[in-house]
J.: 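Here it is, the structure in full.
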Amino acid sequence: MSQHYSLPIEGMTCASCSTRLEKMLRATPGVAEATVNLASERASVSGEVALDAVLTTIQRAGFDVPERTLDLNVLGMTCASCVGRVEKALLKVAGVTAVEVNLASESARVHTRLDAEIEPLLAALLRAGFDGIARENQAGIASTDTMSAKQDRERLALMLSITLSLPLVLPMLAELFGAHWMLPGWLQLALATPVQFVFGARFYRAGWKAARAGSGNMDLLVALGTSAAYFLSLWLLLSGHSTHLYFEAAAVVITLVLLGKWLESRAKRQTTEAIRALQALRPETARLRTADGEREIPINQLRVNDIVIVRPGERIPADGVLAEGVSHIDEALITGESLPVAKSPGAVLIGGSVNGEGLIALRTTAVGAQTALARIIELVENAQARKAPIQHLVDQVAAVFVPAVLVIALLTLLGWGFAVGDWQQAILNAVAVLVIACPCALGLATPTAIMAGTGVAAKHGILIRDAEALEIAHRVQVVTFDKTGTLTQGKPTLAAIESGSDGALAIAAALQTGSEHPLAHAVVLAAHDLTLPTATGVKAEAGRGIRGSVEGRDYALGSLRWMGELGFDTATLTTQAATHQAQGHTVSWLAEIAATPKLLALFAFGDTPRPEAHTAIAALKVAGIRPVLLTGDHAASAAAIAARLGIEDVRAEVLPADKARIVTELHAAYGTVAMVGDGINDAPALAAADVGIAMGSGTDVAMGAAGITLMQTDPRRVMDAIDISRRTTAKIRQNLFWAFIYNLIGIPLAAAGLLNPVIAGAAMAFSSVSVVTNALLLKHWRGRQV
């Protein structure tokens with residue numbers, strides 16, 4: 001069968017690239033036609049050839065096809081087996097490499113190599129018995145109006161079903177008090193029929209779609225079980241055996257399941273409240289200052305460097321820098337900081353935070369999807385969309401769950417029928433087996449806990465990028481900290497200069513003008529009254545220092561190790577260096593690179609520990625976690641800071657590349673390792689750690705390499721992140737235990753004839769509700785630290 005693929009290509013830089021790729025594609029077996037367009041960076045391939053073969057050819061040519069993602073809302077999923085069916089259906093679509101389906105949010109994230117076209121995905125879902133739509137908003141969850149309308153319809157159906165079922169169940173309740181009476185059989189039929197075929201129609205529709213797709217789900221079990229009870233009663237009524245009818249069993253089971261689904265829907269909605277709260281922080285409009293005065297514009301029309309006016313009590317529409325005015329800003333829902341923060345001109349403002357008492361003007365630095373708020377929403381959304389590793393075990397069980405229950409129900413029917421000879425009782429016992437089985441609880445156990453955990457963490461300024469990081473963090477046994485900016489204030493000041501040259505400070509400041517390193521800022525600040533010469537050819541040496549030319553002379557400024565590598569004799573200032581390092585100061589050396597190398601000066605920098613750092617280290621120790629200081633600073637300076645904080649394990653004078661190696665060694669020695677850092681040089685160690693934790697004040701590179709980001713520059717939040725991981729993992733285990741044990745106990749009891757179908761229906765309806773409710777207890781988490 002002929003196929004056509006349109007693929008984006010990465011890595012083409014010239015006409016020869018596109019020509020080479022086109023030639024190789026045409027030589028691929030099965031390809032009838034291939035064209036490559038350099039301008040659009042696309043390849044079009046036709047023929048009787050599999051996509052894998054085309055991708056292999058592209059990679060062999062030295063290029064790549066980037067992976068894209070599409071997010072869908074999937075309508076009609078009711079249990080864990082539905083999740084498996086959706087994943088299998090979407091994976092069959094050409095180009096799809098991976099699928100992540102979330103039952104709790106009723107969403108699917110599709111990774112594909114082809115153009116991100118939604119129609120083939122929707123068609124695949126329809127064939128599998130589900131309806132799919134492109135997600136309605138950034139969080140991939142239905143809008144509030146849509147959900148409210150759906151809940152109103154469900155509530156109405158539930159109320160009518162209860163009204164019709166109540167007269168059927170009243171005689172059964174009356175028997176508990178010694179009264180023996182029942183409604184006439186034809187009246188029971190009249191009451192039960194609309195419940196069975198009108199309000200229960202959803203179970204027939206979804207069950208039929210599952211059966212047609214060669215699978216099964218909860219709806220199929222409910223439809224089969226209640227239909228058996230209904231039609232058994234109808235047969236008994238028509239044949240004149242109306243003494244024992246079971247219309248109430250069929251009607252009440254459907255009503256109870258509807259009640260359970262309604263309660264479950266309400267509870268699941270609460271798991272997405274964190275994202276909804278974050279989305280609500282974005283105002284619809286902004287007040288733009290123009291040459292003609294102020295005018296209100298839609299938020300999506302803002303551009304970088306626009307001047308925006310924010311009145312007291314209004315939300316800040318985009319990230320920016322305060323240009324005019326002073327105020328206090330409430331950043332609680334973004335950073336977790338409970339108290340408003342004082343802001344003056346030059347301060348950074350975060351979009352979505354609330355302006356306090358002052359009229360302010362800000363200059364925008366990021367708008368739209370580039371704002372901190374948009375990135376926070378994306379991080380939380382990604383974490384909630386991805387599966388935790390433990391979920392894969394659940395998926396394997398769910399794949400065989402419904403077929404296994406159908407087999408058990410059939411064996412129950414045949415066993416009771418042939419062994420006891422009471423086929424009426426045999427049918428009722430089989431109905432109980434079908435009704436009590438609940439794959440819903442299995443499907444909801446993990447995603448609801450993940451959504452609740454990541455949501456409450458985000459409210460407290462702890463952004464968890466994926467479910468894997470959340471699950472792994474509870475096992476952390478070692479936490480390694482970078483020093484500067486993580487455990488210390490990160491704003492060192494120049495404490496002293498030991499110099500034999502009057503111009504040393506000016507030279508050092510010239511070399512470091514424009515550098516983002518905290519020590520460079522301290523030098524430039526100290527030299528603000530000096531006239532600085534111009535530096536040229538400046539180059540940073542990672543983990544060592546900086547070199548460049550000033551007025552035709554070459555200089556190097558950096559660590560003692562680097563001075564040794566460059567061949568400088570530092571003996572003349574060794575005593576002074578030792579004195580400063582013993583005081584906890586960081587030392588840098590300035591030297592002239594010439595025919596006769598010359599040491600010019602020693603700079604000593606002071607950086608005080610964060611006020612919360614000592615408490616943070618103490619909390620880790622109480623929790624049985626080993627803190628380690630991992631820094632590029634001199635050993636004496638690192639040891640002085642470590643002693644003040646109570647850290648015994650110090651690894652100093654470590655280059656960025658060696659940080660990743662040491663993290664690996666710590667993992668081999670102690671187990672699961674978390675790395676906490678905020679700088680570019682921490683990125684390799686953050687990536688190498690089992691869990692990377694980036695401080696929100698750090699660089700984008702550090703945050704990109706980390707699995708968890710702390711929006712506050714508060715090291716106590718490290719223990720909070722580990723604590724929410726522990727609590728979320730505990731909820732997952734509790735939910736899975738309940739889901740498994742419920743079915744392991746309930747199904748055998750039903751097969752043994754020890755459960756009435758009505759009781760079985762009630763138990764099934766509330767099992768999934770209990771799982772979601774248990775997960776929602778995480779919403780009350782407030783963190784271990786104050």
Side-chain angles (χ1 to χ4, degrees), residues 482-485 492 494-501 503-524 526 535-550 553-582 584-607 629-641 650-662 677 679-685:
D482 173 51
K483 181 174 76 70
T484 305
L494 186 58
I497 304 176
E498 305 288 349
S499 173
S501 171
L505 179 58
I507 294 171
L511 289 171
Q512 297 190 106
T513 298
S515 172
E516 293 298 320
H517 195 283
L519 299 185
H521 284 295
V523 170
V524 173
T536 59
V538 177
K539 180 182 178 183
E541 300 283 346
R544 291 175 170 81
I546 194 169
R547 68 166 72 197
S549 297
V550 178
R553 297 185 177 185
D554 296 331
Y555 298 93
L557 174 65
S559 66
L560 176 63
R561 171 187 284 191
W562 194 32
M563 294 297 111
E565 292 175 359
L566 294 175
F568 288 103
D569 181 8
T570 59
T572 55
L573 294 174
T574 299
T575 302
Q576 295 93 322
T579 300
H580 288 295
Q581 288 166 348
H585 292 164
T586 298
V587 173
S588 286
W589 306 75
L590 176 65
E592 181 182 351
I593 304 173
T596 305
K598 182 181 179 182
L599 187 66
L600 299 180
L602 179 149
F603 297 89
F605 301 90
D607 189 9
L629 183 61
L630 187 60
T631 178
D633 271 355
H634 189 275
S637 175
I641 292 292
V650 180
R651 314 293 175 95
E653 300 182 36
V654 179
L655 295 176
D658 292 331
K659 284 187 177 182
R661 175 183 55 78
I662 291 174
I680 292 176
N681 61 350
D682 296 321

J.: Roughly how far, to the nearest 0.5 Å, is the CG atom of Leu519 from the CZ atom of Phe603?
T.: 11.5 Å

J.: With Glu592, which of Ile507, Val550, Leu600 fulfils side chain to side chain contact (heavy atoms under 4.5 Å, CB included)?
T.: Leu600

J.: Nearest heavy-atom pair of Ala504 and Ala601: which atoms, and what distance?
T.: CB-CB, 3.7 Å

J.: Only one of Ile497, Thr513, Leu505 forms a side chain to side chain contact (heavy atoms under 4.5 Å, CB included) with Val523, so which one is it?
T.: Leu505

J.: Output the distance between atom OG1 (Thr586) and atom CG (Leu494), rounded to the nearest 0.5 Å.
T.: 11.5 Å

J.: Do you know the tightest heavy-atom contact between Ala652 and Ala638?
T.: CB-CB, 3.8 Å

J.: So, using side-chain hydrogen bond (donor to acceptor under 3.5 Å, both in side chains) as the criterion, who are the partners of Arg651 when residues are at least two apart?
T.: Asp649

J.: Do Lys659 and Asp482 touch side chain to side chain, with heavy atoms closer than 4.5 Å?
T.: yes

J.: CD of Glu498 to CH2 of Trp589: how many Å apart, nearest 0.5 Å?
T.: 9.5 Å

J.: At what distance, to the nearest 0.5 angstrom, does OG1 of Thr575 lie from NE2 of His580?
T.: 11.0 Å

J.: Any side-chain heavy-atom pair from Val587 and Leu560 closer than 4.5 angstrom?
T.: no

J.: List the atom pairs, donor and acceptor, that lie under 3.5 Å between side-chain atoms in residues 561-574 and the rest of the protein, sequence neighbours left out.
T.:
from   : atom 1 : to     : atom 2 : distance (Å)
Arg561 : NH2    : Glu653 : O      : 3.1
Glu565 : OE1    : Arg544 : NE     : 3.0
Asp569 : OD1    : Ala571 : N      : 3.0
Thr574 : OG1    : Thr570 : O      : 2.9
Thr574 : OG1    : Ala571 : O      : 3.4

J.: For residues Phe605 and Pro492, report the shortest heavy-atom separation together with the two atoms involved.
T.: CB-CB, 4.3 Å

J.: Indicate yes or no: at least one non-hydrogen side-chain atom of Leu511 is less than 4.5 angstrom from one of Leu590.
T.: yes

J.: Any side-chain heavy atom of Arg547 sitting closer than 4.5 Å to one from Asp554?
T.: no

J.: Going from CD1 on Ile546 to OG on Ser588, what distance comes out if it is rounded to the nearest 0.5 angstrom?
T.: 11.0 Å

J.: For Ala509 versus Val524, what's the shortest heavy-atom pair and its separation?
T.: O-CG2, 4.0 Å

